[in-house]
Novice: 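This is the structure I have questions about; it appears just below.
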Amino acid sequence: MDNVSILVMNGPNLSRLGKREPEIYGTRTLEDINREIADAFHGISFEFFQSEEEGELLEKLFHCEDNGAANGVVLNAGALTHYSIALRDAISAVGIPVVEVHLSNIYAREEFRRTSVISEVCAGVVSGFGPNSYQLGVRGLLGILGQA
Ligand code: DQA
């Protein structure tokens, strides 16, 4: 596969990284994290997308499939992880691999965060490595895509 394109997609509240509960999520902004991803993987095309809206995340996934806009997706769905059956169904519906990532270890936090309704339809899960979770997710996705 030449010219691999990866969509790095973030859901609600992740636009607030840097000032949002830094003791949990760290002090890097989403822009910092995205820049570090692009710097770490030369030769890969990245698109970065964040939305507070569930429907916009779904539409972005459909767009990727319909337009071949991405070969795979690294997704931090934020709180939608824990309850959005619509997001789960969309991930399941598209024929491109989606890797679930979280900055925090969702299995070491409140009870309600220990359930992910999307894990079952994701290609893999990375949780608990702070900003590195995204790069680990990209690494795993490249393996799935036969690029690593
Ligand atoms: C998160 C964990 C979620 O429980 C939370 O709602 C988030 C961020 C993480 O990256 O650790 O918004 O996905």
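Just so you know, ligand 1 is whichever comes first in the structure, and atom 1 is the first atom listed for that ligand. These numbers come from the heavy atoms of this one structure, side chains and all, not from hydrogens, waters or symmetry mates.
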Novice: So, Ser5 and Glu47: side-chain donor and acceptor under 3.5 Å apart, yes or no?
Specialist: no
Novice: Counting both backbone and side chain atoms, is some N or O of Arg109 under 3.5 Å from an N or O of ligand 1?
Specialist: no
Novice: What residue and heavy atom of the protein are closest to atom 11 (O) of ligand 1, and at what distance?
Specialist: Ser104 OG, 2.5 Å
Novice: Show me which atoms of ligand 1 lie under 4.0 Å from any heavy atom of Arg20.
Specialist: 7 (C), 12 (O)
Novice: Could an N or O of ligand 1 be found under 3.5 Å from any N or O of Ala79, whether backbone or side chain?
Specialist: yes
Novice: Look at atom 5 (C) of ligand 1 and say which protein heavy atom is nearest, naming residue and atom and giving the distance to 0.1 Å.
Specialist: Arg113 NH1, 3.3 Å
Novice: Can you classify the ring geometry of His102 versus His82 as parallel (below 30°), tilted (30 to 60°) or perpendicular (above 60°)?
Specialist: parallel
Novice: Consider side-chain contact (heavy atoms from CB on, under 4.5 Å). Of Leu30, Val126, Val101, which one does Asn76 pass it with?
Specialist: Val101
Novice: For the residue pair Thr81 / Glu100, report whether a side-chain donor-acceptor contact shorter than 3.5 Å exists.
Specialist: no
Novice: Can an N or O of Tyr25 be found at a distance shorter than 3.5 Å from an N or O of ligand 1?
Specialist: no
Novice: Inspect the surroundings of CD in Glu21 and state if more than 12 heavy atoms from other residues, nucleotides or ligands are less than 6.0 Å away.
Specialist: yes
Novice: Which protein heavy atom lies closest to atom 9 (C) of ligand 1, and at what distance to 0.1 Å?
Specialist: Leu103 N, 3.4 Å
Novice: Are Thr115 and Tyr83 packed together at the side-chain level, in the sense that at least one heavy-atom pair is separated by less than 4.5 angstrom?
Specialist: no
Novice: Starting from atom 1 (C) of ligand 1, locate the nearest protein heavy atom and write down its residue, its atom name and how far away it is, to 0.1 Å.
Specialist: His102 ND1, 3.7 Å
Novice: Around atom 3 (C) of ligand 1, find the nearest protein heavy atom and jot down its residue, atom name and distance.
Specialist: His82 NE2, 3.5 Å
Novice: Just which atoms of ligand 1 are under 4.0 Å from any heavy atom in Asn76?
Specialist: 1 (C), 9 (C), 10 (O), 13 (O)
Novice: Determine, stepwise, if the pair Asp32 / Thr29 fulfils side-chain hydrogen bond (donor to acceptor under 3.5 Å, both in side chains).
Specialist: CA-CA 5 Å; Asp32 293 335; Thr29 65; 3.2 Å; yes
